[in-house]
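Here the structure is laid out as structure tokens; the discussion comes afterwards.
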Protein chains: 2
Amino acid sequence: MAKPRSAPRLADVAARAGVSIATASRSLAGREGVSEAVAAHVREIALQLGYVANVHARTLAGGATSTVGLIVHEIGDPYFAEIASGVIEVAAQRGLTVQICHSARDPRTELHQIRTLIAHRTDAIIVAGSGYTEPALQAESNAVLQAFQDGGGRVAVIGRHFLAADAVRPDNEAAGRAVTAHLLELGHRRIGVIAGPAVLTTVADRLAGVAAALADRGLSLADVPVLHTDFTRNGGHAGAEKLLAEHPDLTALIALNDVMAIGVLSVLRAHGIAVPQQMSVAGVDDVAVAADLAPSLTTVRLPMTEMGELALTMALKPPSARKRRKTTGHELVVRDSTGPAPTPAP
Amino acid sequence: MAKPRSAPRLADVAARAGVSIATASRSLAGREGVSEAVAAHVREIALQLGYVANVHARTLAGGATSTVGLIVHEIGDPYFAEIASGVIEVAAQRGLTVQICHSARDPRTELHQIRTLIAHRTDAIIVAGSGYTEPALQAESNAVLQAFQDGGGRVAVIGRHFLAADAVRPDNEAAGRAVTAHLLELGHRRIGVIAGPAVLTTVADRLAGVAAALADRGLSLADVPVLHTDFTRNGGHAGAEKLLAEHPDLTALIALNDVMAIGVLSVLRAHGIAVPQQMSVAGVDDVAVAADLAPSLTTVRLPMTEMGELALTMALKPPSARKRRKTTGHELVVRDSTGPAPTPAP
DNA sequence: CTGAAAGCGCTAACAA
DNA sequence: TTGTTAGCGCTTTCAG
């Protein structure tokens with residue numbers, strides 16, 4: 001075993017450069033009050049020693065941690081993976097590192113992860129998972145995040161949360177509306193909706209959009225079957241099986257996110273139901289693979305990567321008195337999974 | 001602005017509990033040398049104060065950081081997202097937090113990320129990105145990681161690296177061999193290979209497997225067109241276009257990973273080439289969507305999530321004298337994208 | 001412009 | 001069993 005003293009410390013750099021650690025610190029931090037010559041020399045030495053400041057010591061001494069936290073429901077879900085990619089990219093540009101946690105779509109777990117990130121004194125925390133329609137579920141998270149912000153921490157959320165923080169808001173209602181209007185225009189009237197858990201604001205908002213589009217045509221959400229299952233590929237799969245069995249007359253299926261739609265398509269394929277000839281299918285998100293499915297998936301594009309970038313960018317700005325709110329664009333992407341409603345057999 | 005003193009400190013807990021900080025520390029750490037009564041009391045107080053230890057202070061004082069680093073090429077790639085999911089899960093179980101960095105398939109960036117993680121004094125570092133066939137490219141990373149390990153840090157890599165560390169090794173050669181043998185058995189002889197950058201060991205190993213399977217049939221890799229492009233969906237897309245144009249007689253395409261295969265399928269669809277009737281396509285990895293593509297993708301399953309779990313588990317074990325090496329299983333999954341070679345037109 | 005020294009919050013000897 | 005105290009490596013006054 002080698003000696004535990006592995007990484008060079010500031011003291012090593014200072015000694016080697018023949019200056020005090022205070023001067024060394026100033027030089028490396030690029031603070032002023034050091035002659036450029038000395039500063040350059042110190043930097044030179046630091047470089048050749050491969051010196052990297054100990055983040056913990058720096059943090060303890062009052063500096064920033066250069067770390068941001070990101071809470072997602074599940075990183076294996078492409079929606080979150082794409083958001084994470086955006087967050088990581090801008091973090092890297094700014095010399096920050098990203099801690100990622102799973103909330104597993106559970107408010108208790110989310111609270112726990114928030115606590116953990118706070119304990120790590122991350123400079124900022126980004127909550128990317130959907131909010132909950134029931135404020136009580138996030139009351140404690142809210143309190144904890146508030147305290148964190150009062151202490152100088154920065155917070156940004158993605159989606160609609162009952163959290164007082166800067167927010168990046170995909171327009172989920174408009175997305176739900178767009179996809180539904182598209183199907184209605186194609187002549188579909190017997191539409192089934194496969195939704196995620198009703199407590200998620202993302203689900204509630206998209207569903208509200210569906211309802212609004214229906215209302216525009218004098219229809220009501222009460223008239224269409226809505227099934228709440230997991231917000232995952234398997235949830236979509238199970239939901240489609242159930243809906244198909246209970247409502248054999250449906251001509252279109254809306255999955256409230258693309259991964260669910262993927263599950264829906266697999267069921268249709270297994271049952272030999274032609275898409276879109278016999279059944280149209282649409283999702284929301286436009287995850288990367290949506291375009292490469294067969295049939296390619298009609299969906300509403302949400303700029304996930306950009307949302308991640310935006311969230312971190314906002315969080316890194318100096319806090320403003322009132323919370324910032326940034327709504328992202330969305331775009332209906334019509335592909336091959338939707339088509340005209342089949343004319344009913346005479 | 002509230003006062004900066006937000007989080008309660010150990011001293012606060014100790015004072016409130018009427019004990020010294022040493023006793024408080026012991027109680028919370030669950031170390032022995034404290035009467036159970038006192039310990040329980042301290043824990044109680046800590047709980048009601050919402051006390052969470054400052055990770056940085058703890059680390060600086062010689063404790064563990066409760067943080068592990070994970071370096072992936074790109075988290076948006078489902079292969080890495082699934083690995084990350086596994087890592088995060090076992091980390092959460094053990095009360096650890098995960099810092100994820102992008103290496104962007106660039107050795108320089110990878111080195112930089114390793115340095116960053118070391119600066120953060122993560123307890124362990126997991127390098128999930130592929131290794132490089134050219135040892136020189138990772139020489140410096142190797143040195144830095146070695147120093148990290150000498151200093152008590154733990155390291156695990158996924159894949160074949162020229163890094164002295166515990167390793168989880170998907171059997172890439174066997175995977176390449178399996179998929180190729182499958183195609184050969186189906187009667188294909190004019191097979192094109194769409195590969196990622198040749199410098200990646202993952203690519204080199206899978207390609208070696210392809211060569212081995214060909215050799216088993218008396219064929220040579222020299223006889224089949226191999227195209228090296230990006231190890232991504234778009235790389236697969238571009239590669240397929242090129243290969244198709246240059247070798248119109250091919251009857252099967254092997255993409256060296258599933259995301260490339262997705263790009264390949266999209267090209268075939270665009271050209272109206274029926275899969276598998278006119279062209280068979282196979283990938284490697286079995287990412288989640290592979291089963292849901294149409295046609296569903298024949299591939300070789302690698303247990304990505306489990307690989308992530310395994311890597312962290314290994315890294316968390318006390319270091320052993322000789323490096324551990326764990327080879328994971330793989331399994332040919334035949335789906336709809338491969339079929340018998342079309343009989344040549346007479 | 002530069003250096004000395006006081007912490008930051010916690011752990012781990014060492015005492016009592 | 002419990003308390004005292006010396007750091008961990010760095011930033012930041014405050015002197016010089």
Could you list the donor-acceptor pairs under 3.5 angstrom formed between side-chain atoms of residues 161-168 of chain B and any protein atom two or more places apart in sequence or on another chain?
residue  : atom : partner  : partner atom : Å
B:His161 : NE2  : B:Gly129 : O            : 2.8
B:His161 : NE2  : B:Gly131 : N            : 3.4
B:Asp166 : OD1  : B:Arg324 : N            : 2.8
B:Asp166 : OD2  : B:Arg154 : NH2          : 3.1
B:Asp166 : OD2  : B:Arg324 : NH1          : 2.6

Considering heavy-atom distances to DNA chain D, does B:Thr23 or B:Arg121 have its closest nucleotide positioned more toward the 5' end? B:Thr23
Residue pair A:Gly33/A:Ile21 against DNA chain C: nearer the 5' end by closest nucleotide is A:Gly33
When rounded to whole Å, the CG to C1' distance for the pair B:Asn54 and D:dG9 reads 14 Å
Under 4.0 Å between a side-chain N or O of A:Tyr51 and OP1 or OP2 of D:dG9? no
Can you check the B:Leu60 CG to D:dG7 P distance for me, whole Å? 14 Å
Side chain of A:Ala61 (C-beta onward), nearest among C:dA4, D:dT4, C:dG7: C:dG7
Return yes when atom NZ of B:Lys323 has more than 12 non-hydrogen atoms of other residues, nucleotides or ligands closer than 6.0 Å, and no otherwise. yes
Using whole Å, what does the distance between atom C1' of nucleotide C:dC8 and atom CG of B:Asp12 come to? 14 Å
Donor-acceptor contact below 3.5 Å, side chain A:Ser85 vs main chain A:Ala81: no
In terms of side-chain geometry, is the basic nitrogen of B:Glu36 or B:Arg43 positioned less than 4.0 Å from the acidic oxygen of its partner? yes
Could you check which residues of residues 35-45 of chain A get a heavy atom under 4.0 Å from DNA chain C? Sort them by number, please. A:Ser35, A:Val38
Which residue pairs satisfy the side-chain hydrogen bond (donor to acceptor under 3.5 Å, both in side chains) criterion with at least one member in residues 48-63 of chain A, sequence neighbours excluded? A:His56-B:His56
Just the rounded figure in Å: distance from P of D:dT2 to CG of B:Leu28. 14 Å
Spacing of CD belonging to B:Gln93 relative to CD1 belonging to B:Ile88, to within rounding of 0.5 Å: 12.5 Å
Separation of C:dC10 atom C1' from A:His56 atom NE2, nearest Å, is 13 Å
From the candidates C:dG9, C:dG3, C:dA13, the one with an atom nearest any side-chain atom of B:Arg9 is C:dG9
Is there a donor on the side chain of B:Arg26 or the base of D:dG3 sitting less than 3.5 Å from an acceptor on the other? yes
Pairwise distance CG(B:Leu316) to CG(B:Asp123) - rounded to 0.5 angstrom: 7.5 Å
Separation of A:Leu10 atom CG from C:dG7 atom P, in whole Å? 20 Å
Hey, does the side chain of A:Ser25 come within less than 4.0 Å of D:dT11's phosphate (OP1/OP2), counting only N and O? yes
